[in-house]
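Please read the structure below before turning to the comments.
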Amino acid sequence: MEIKWAKRIEQLPPYLFAEIDRKKNELIKKGVDVIDLGVGDPDIPTPDFIINALKKAAEDPTNHTYPSYVGMMAFREAASEWYKKRFNVNLDPATEIVALIGSKEGIAHAPLAFLDPGDVALVPDPGYPVYPVATTFAGGTPHSMPLLKENGFLPDLDAIPADVVKKARLMFLNYPNNPTTACADLGFFKEVVDFASKNNILVCHDAAYTEIAFDGYVPPSFLEVDGAMDVAIEFHSLSKTFSMTGWRIAFAAGNSRAVAGLGKIKTNIDSGAFQAVQVAGIEAMKNFEIGLEDRKKVYQERIDLFCKCLDDAGLDYTKPKATFYIWFDVPKGFTSSGFAATMLEESGIVVTPGNGFGDAGEGYARVSVTFDTDRIVQAAERIKELSF
Ligand SMILES: *Cc1c(COP(=O)(O)O)cnc(C)c1O
């Protein structure tokens with residue numbers, strides 16, 4: 001017999017990178033030296049002081065049992081203290097913070113907590129694919145908010161149709177933004193707070209990249225805005241900040257009823273993050289400045305290198321103020337997918353086609369600088385030789 005798949009997975013959009021992956025593997029088999037700038041996963045290792053904290057905590061049997069569903073109190077206290085130091089935002093660790101097994105987990109579970117079938121979630125396009133997929137899994141309907149270059153890649157709230165706004169119960173936002181690298185200021189966040197509060201919409205702000213910023217730019221928290229605690233929950237991850245993507249540790253903070261709602265879903269689905277990982281996370285947040293400047297310097301140097309090569313190739317981009325991506329225009333006459341295919345075939349470089357993040361990503365491509373600097377230099381050399 002053939003196992004029946006539920007419609008929610010049968011109907012998943014086709015994996016847009018499948019064709020690139022196939023071509024990439026074919027070229028590697030032929031002996032081509034492929035440089036993959038596709039995935040955003042830090043190559044810089046987790047700092048030693050965090051690894052040492054994990055080692056010690058892993059040996060303590062009191063950490064071997066089921067953890068608290070919502071996270072150790074000490075972990076939530078450390079998150080609260082970090083928020084105070086970093087954003088000057090006060091959070092009650094008991095009611096306004098919940099630990100997550102990576103922020104993807106919390107983001108994916110949020111629609112289960114806040115959407116009924118038929119409800120709409122407003123999602124950025126281009127954007128992290130988890131927002132629309134998780135919305136659909138929960139029986140909700142995603143509605144794309146196009147992020148356009150002429151608007152600084154911020155959504156135009158006035159452009160959302162009134163009947164959609166009426167059905168909207170959730171809005172996903174993400175600044176500093178993946179994939180566009182755009183940043184939002186408190187003025188824009190205030191507009192969102194007013195819009196959300198007027199229309200009864202919970203804002204889920206994905207703040208995965210607030211600590212990866214350059215040239216003295218300090219990204220704000222959504223929760224810094226007056227009234228944000230009434231309408232928002234913010235997702236913070238230790239993944240990008242501390243090069244801890246494999247560790248699966250993050251937290252959500254904000255409105256206490258939203259935090260409790262997410263906690264209810266989690267209590268019924270998972271059993272929390274390994275306590276030893278939480279103990280290491282506490283150490284990370286308490287000493288968040290150790291090594292951070294050095295890690296950022298590495299990304300910044302690579303971004304500068306790559307942008308220079310885009311200049312030489314005559315390709316248009318906005319220099320990133322934050323994140324470890326570069327979002328650039330594909331050359332005239334190319335689609336995103338066509339450009340990605342050409343790059344791979346002619347220079348053995350994998351870039352992510354912008355339309356993989358949504359229709360409004362068409363015309364763009366993204367590279368990640370989470371790869372060895374030498375490889376990025378090699379990629380830059382190869383791109384220089386192309387003419388568009
Ligand atoms: C990397 C990333 C995350 C973080 O994922 P984790 O599950 O915390 O590792 C969340 N949102 C976006 C947009 C990201 O790029």
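We count ligands from 1, going down the list as the structure has it; atoms in each ligand are counted the same way. Not measured: the values here are computed from a predicted model. In what follows, every heavy atom counts, from backbone to side chain, and hydrogens, waters and symmetry copies are set aside.
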Nearest non-hydrogen protein atom to atom 4 (C) of ligand 1, with distance, is S103 OG, 3.2 Å
Nearest heavy-atom contact between L202 and V231 is CD1-O, 3.3 Å
Q.
Whether D372 and R302 form a salt bridge (side-chain N of Lys/Arg under 4.0 Å from carboxylate O of Asp/Glu) is what I want to check.
A. no
Looking at N25, I'd like to know if its CG atom is crowded, meaning that more than 12 non-hydrogen atoms belonging to other residues, nucleotides or ligands lie closer than 6.0 Å. yes
For this session: With K266 as the cation and Y69 as the aromatic partner, state whether NZ or CZ is under 6.0 Å from the six-membered ring centre and within 45° of the axis.
Result: no
For G102, the atoms of ligand 1 under 4.0 Å from one of its heavy atoms are 7 (O), 8 (O)
- Task: Please indicate whether any nitrogen or oxygen in N174 is less than 3.5 Å from any nitrogen or oxygen in ligand 1.
- Result: no
Practice item. Would you confirm whether the ring centroid of H109 sits within less than 6.0 angstrom of the ring centroid of F114? Key: no
- Are K319 and D304 close enough for a salt bridge, meaning some N to O gap below 4.0 Å? yes
**Asked** Can Y209 be said to touch ligand 1, with heavy atoms closer than 4.0 Å?
**Response** yes
Any heavy atom of S239 under 4.0 Å from ligand 1? The part involved is side chain
for atom 8 (O) of ligand 1, nearest protein heavy atom and its distance come out as S237 OG, 2.6 Å
min-distance protein heavy atom vs atom 1 (C) of ligand 1 -> K240 NZ, 1.3 Å
Do Y131 and ligand 1 have an N or O pair less than 3.5 Å apart?
no
A student checking ligand 1 against R248 at a 4.0 Å heavy-atom cut-off should list atoms 6 (P), 7 (O), 9 (O)
**Message:** Please evaluate residues H205 and M171 with respect to the criterion side-chain contact (heavy atoms from CB on, under 4.5 Å), reporting the C-alpha separation (whole Å), side-chain torsions for both, the decisive distance (0.1 Å), and the verdict.
**Reply:** CA-CA 8 Å; H205 184 239; M171 177 194 284; over 6 Å; no
Exercise for the section: Output yes when K190 and D194 qualify as a salt bridge under the 4.0 Å nitrogen-oxygen rule, no when they do not. Expected result: yes
Out of L238, D206, I249, the nearest non-hydrogen contact to atom 10 (C) of ligand 1 is supplied by D206
Geometry only, no angles: is T245 polar-contacting ligand 1 at N/O separations under 3.5 Å? no
